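What you see is a predicted model; the values in this text were computed from it and never measured. Counting starts at 1 for both ligands and their atoms, following the listed order.
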Amino acid sequence: MAYQNDNIFAKIIKGEAPSYKVYENDDTYVMMDIMPEAEGHLLVLPKEGAENIFDISDEAISACMRTCKKIAPALMKATNADGLIISQFNHAAAGQTVFHLHCHMVPVYKGQKRQDHARVQGNPEELVALAKEIASYIE
Ligand code: 5GP
């Protein structure tokens, strides 16, 4: 399937749909996941229109990983998490539900079970507060 320009993440990047933004640079956009698997669950989006690992450019996927690396310390500081999972799904069979490539950054808390993928809506006030706090630690 070819990349669809009107997917929700493309709209968010273009400012046509709302998000809890944490960070943006020329190549990437970072926001809170609205159905977090754990407190502080972030999504890192390359701005390039690509569906998955099979059609994204080397430059855009590199930029995405560079942003993950930049944001990771701030995310850990803001959440006091014990660990961090970075993952990326390709095709529906692998669990992909939004077809604009993105990396999940999911903090892990010792002894705490994560929510199911894309199931439980986060609390808007908590998402706003966390987005602000994480952003404040980005160097
Ligand atoms: P995927 O299943 O494609 O790897 O991940 C899509 C993720 O996007 C899910 O974790 C889901 O909770 C999240 N999500 C779906 N719609 C929206 C949205 O409109 N805004 C934000 N910020 N996250 C979304």
Looking at residues at least two apart in the chain, or sitting in another chain, which of them share a salt bridge (Lys or Arg N to Asp or Glu O under 4.0 Å) with D116?
R119

Kindly write out the residues that satisfy salt bridge (Lys or Arg N to Asp or Glu O under 4.0 Å) with K11, not counting sequence neighbours, or none if the list is empty.
none

Give a yes or no answer on whether the side chain of Q88 reaches the backbone of C103 with a donor-acceptor pair at less than 3.5 Å.
no

With the side chain counted from C-beta on, respond yes when I56 and E51 share a heavy-atom pair under 4.5 Å apart, and no when they do not.
no

Sorted by chain and residue number, the side-chain hydrogen bond (donor to acceptor under 3.5 Å, both in side chains) partners of E24 (sequence neighbours excluded) come out as K21, K47

Counting only heavy atoms and a distance below 4.0 Å, can you name the residues contacting ligand 1?
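Correct list: I8, F9, I12, M31, M32, D33, I34, M35, L43, F89, G95, Q96, T97, V98, H102, H104, H117, A118.
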
Side chain to side chain donor-acceptor pair (under 3.5 Å), that's the test. Do H117 and E37 meet it? Break it down for me.
CA-CA 6 Å; H117 183 63; E37 290 170 33; 2.8 Å; yes

